[in-house]
Amino acid sequence: MSEDDERWMRRAIEVARSRGSDPSTSPLGAIVVLDGREIAAERNQTGELPDATAHAEMMAIRRACERLGEMELRGATLYSTLQPCGMCTMASIWSKVRRVVYGAGRNDVHRMYFEARHVDTLSFIEDAYRGDVVIDGGCLREECASLYYPPSADLPPAEQANL
């Protein structure tokens, strides 16, 4: 990872914490960067809207497309504090981002943050759609993982959002 990657991931962490950092609220942050400048920065907004599709990555992609007046983000990098889910992965593919950089991976956090069955979305991108999408994980992994419940957290089922 480059110094620029770390700088943008720190910005994504800042966005994730913008409305608090309680791990039960899934404080994800996502940034879209194009030509060295921030085009969009959004946090997870599923509870506030309420909208199941209002993940940080989805919101950042939407805002970036709106600002550019384009539905494609060719050449852009999407930074996310957490490995993108299947929906956000597909949005990355369809919006044609060049690169996805994420912090914490699915094994770094509690299973409640991902679908119950393991869907290897990273291999899906590489195998099914475009060979020009670059995926880099682990950027500031520990800092990003600290936003969420750890894998070993003993949480009551009522507090486990996706299970």
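Counting from 1, the numbers follow the sequence of the chain as shown. For clarity, every value in this text was computed on a predicted model and none was experimentally measured.
Side-chain contact between V133 and R98: absent, with no pair of heavy atoms (C-beta onward) separated by less than 4.5 Å. Side-chain atoms of E14 and I31, non-hydrogen and from C-beta on, never get closer than 4.5 Å to each other. Contact check for M58 versus M87: side-chain heavy atoms found under the 4.5 Å cut-off. The side-chain heavy atoms of P84 and V100, taken from C-beta on, include a pair separated by under 4.5 Å.
In this structure a side-chain-to-backbone donor-acceptor pair under 3.5 Å is present from T81 to G29. A donor-acceptor pair is defined here as one N or O able to donate and one able to accept, closer than 3.5 Å; such a pair exists between the side chain of H110 and the backbone of M112.
For the side-chain hydrogen bond (donor to acceptor under 3.5 Å, both in side chains) test, no residue two or more places apart in sequence or in another chain qualifies with E70. Residues forming a side-chain hydrogen bond (donor to acceptor under 3.5 Å, both in side chains) with R62 (at least two apart in sequence, or on another chain): T53.
Between R99 and D5 there is a salt bridge, since a side-chain N of the basic residue sits under 4.0 Å from a carboxylate O of the acidic one.
Applying the salt bridge (charged side-chain N to carboxylate O under 4.0 Å, His left out) test to every pair with at least one member in residues 26-47, sequence neighbours left out, gives these pairs: R11-E38, E42-R63, R43-E48.
Residue L73 is tested with L34, V33, I61, I39 for a side chain to side chain contact (heavy atoms under 4.5 Å, CB included); the sole match is I61.
Within 6.0 Å of atom CE in M71, 12 or fewer heavy atoms from other residues, nucleotides or ligands are found, so the atom counts as exposed in its surroundings.
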